[in-house]
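Input: a single structure, listed below in structure tokens.
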Amino acid sequence: MSLSMYCQSIEVSLGTGPDMCDITSQLQRVIRKSSVTEGQLSAVMVGSTGSLTTIEYEPGVVEDLKRAINMLAPPGIDYAHEAAWHDGNGHSHVQAALLGPSIVLPIRNGNLKTGTWQQLVAINHDNHPRKRTIEVTIIGTKDR
Amino acid sequence: MSLSMYCQSIEVSLGTGPDMCDITSQLQRVIRKSSVTEGQLSAVMVGSTGSLTTIEYEPGVVEDLKRAINMLAPPGIDYAHEAAWHDGNGHSHVQAALLGPSIVLPIRNGNLKTGTWQQLVAINHDNHPRKRTIEVTIIGTKDR
Amino acid sequence: MSLSMYCQSIEVSLGTGPDMCDITSQLQRVIRKSSVTEGQLSAVMVGSTGSLTTIEYEPGVVEDLKRAINMLAPPGIDYAHEAAWHDGNGHSHVQAALLGPSIVLPIRNGNLKTGTWQQLVAINHDNHPRKRTIEVTIIGTKDR
């Protein structure tokens with residue numbers, strides 16, 4: 001069976017970082033449009049102050065992860081980036097680099113094959129609200 | 001030469017987190033079955049309290065990495081997740097989210113092209129032993 | 001339209017870790033050679049003391065990220081790896097495992113589709129200068 005590809009970008013609006021939202025159902029709609037039933041989806045956050053990962057998307061984990069992210073690179077301390085650029089988001093750059101911009105997820109039987117309590121989240125680390133773009137590339141086979 | 005795809009899941013049994021095991025030879029067997037000689041393998045940990053990365057798999061690095069993971073999100077402190085769910089694994093969720101569930105590795109000449117002392121490890125972060133599933137998707141070309 | 005694949009490795013020389021360099025333009029040249037206009041690029045650092053991520057590549061962020069990496073796993077403390085191997089790079093292994101060896105980036109209109117101020121960096125974490133190899137796999141379609 002020959003392989004197909006489908007590319008699409010999705011957009012989300014996020015508050016001052018670290019802020020995050022669940023994009024699992026948006027990705028599921030992209031998979032539907034692609035008609036791919038077996039394969040993989042890669043998602044990449046555009047911009048150097050955003051990241052992607054998976055969590056159990058419930059308020060407690062969201063709060064815990066925000067706290068841990070702010071401990072990796074605290075907003076209040078000195079950053080060399082700010083000394084030169086004075087935009088106050090030195091911590092945002094470091095946080096995003098440590099978490100990473102890309103993720104790959106499996107598609108099986110036309111659905112994302114993740115855990116029941118495992119959602120894909122888009123994270124804004126910037127020091128102001130941002131509309132963020134995620135580029136999605138799906139590669140796989142179609143049932144018929 | 002046209003591209004092929006091969007999908008398979010593998011399972012590993014891990015102890016209370018952070019615990020990890022080397023899945024490189026299992027992946028190598030999946031590559032054999034796929035007959036793909038040139039391309040890429042993506043591996044994704046199913047579930048929000050597991051992760052994947054590469055290390056030199058020797059007891060010292062394993063111990064050092066476990067310690068570092070427990071410093072990222074220590075088991076003993078308060079987590080908002082636990083305040084609501086009382087399952088004692090708030091740290092597990094944060095640790096797994098920071099490490100990330102997915103990885104991509106190159107296939108060259110029918111083998112994983114990684115360093116000699118670079119093995120793929122599956123990590124369980126949960127606060128009890130778990131059987132964990134890793135979804136593998138291989139895309140590439142076959143020699144003949 | 002049928003899918004194509006193109007594989008190539010690139011090499012970079014880096015100083016004592018954490019040291020990093022911008023490999024975006026090298027990747028762009030690989031994309032040109034592949035003739036792929038729409039798809040994805042995966043890049044993987046060979047070796048267990050290197051990693052890949054994206055940053056705004058300017059001296060301030062580079063300095064800030066190096067500092068944060070050295071806080072994740074400080075060079076000066078005891079590591080079990082060193083107790084056995086005496087090669088002084090216990091911190092390098094932990095740092096690289098936490099950042100991760102692989103990344104995926106989208107290709108759109110024949111170019112990497114990343115942010116204007118988002119560059120792909122190769123990081124050496126080892127305790128001496130290293131020539132590092134990155135394996136690149138491009139999968140996608142060609143315009144004509």
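Proteins get letters first, then strands, A, B, ... in listed order; numbering begins at 1 in each.
Top candidate by heavy-atom pairs under 4.5 Å with chain C, chosen from B/Q119, B/R108, B/E56, B/R67, is B/R108. Highest contact tally toward chain B, considering only C/G47, C/S51, C/S42, C/A43, is held by C/G47 [criterion: heavy-atom pairs under 4.5 Å]. Counting heavy-atom pairs closer than 4.5 Å to chain C, the top residue among B/G60, B/G140, B/A68 is B/G60.
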_For a side-chain contact (heavy atoms from CB on, under 4.5 Å) check, start with the C-alpha distance between B/L72 and C/L72, then their side-chain angles and the critical distance, and finish with the verdict._
CA-CA 8 Å; B/L72 282 179; C/L72 282 179; 3.6 Å; yes

*Run the side-chain contact (heavy atoms from CB on, under 4.5 Å) check on C/L3 and B/M5 step by step: do they pass?*
CA-CA 12 Å; C/L3 290 181; B/M5 186 179 70; over 6 Å; no

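Of the two parts of B/I69, only the side chain, counted from C-beta on, holds a non-hydrogen atom closer than 4.5 Å to a non-hydrogen atom of chain C. For B/E38, the parts sitting under 4.5 Å from any heavy atom of chain C are the backbone and the side chain alike. At a 4.5 Å heavy-atom cutoff, the contact between C/S4 and chain B is made by backbone atoms alone. Contacts between C/V46 and chain B at a heavy-atom distance below 4.5 Å involve backbone atoms as well as side-chain atoms. For C/L52, no part sits under 4.5 Å from any heavy atom of chain B, backbone or side chain. Using a 4.5 Å cut-off between heavy atoms, B/T141 touches chain C through backbone and side chain atoms alike. Of the atoms belonging to B/E58, it is side-chain heavy atoms, and not backbone ones, that fall under 4.5 Å from chain C.
For residues 127-138 of chain C, the interface with chain B (any heavy-atom pair closer than 4.5 Å) comprises C/E135, C/V136, C/T137, sorted by residue number. The stretch residues 94-101 of chain C places C/V94, C/A97, C/L98, C/G100, C/P101 near chain B, each with some heavy atom under 4.5 Å from a heavy atom of that chain.
Remark: C/Q40 CD to B/I139 CD1 distance equals 7.0 Å, nearest 0.5 Å. Distance check, rounded to the nearest 0.5 Å: CD1 of B/I55 to NE2 of C/H93 gives 9.5 Å.
The shortest non-hydrogen separation linking C/C7 to B/G39 is SG-N, 4.5 Å.
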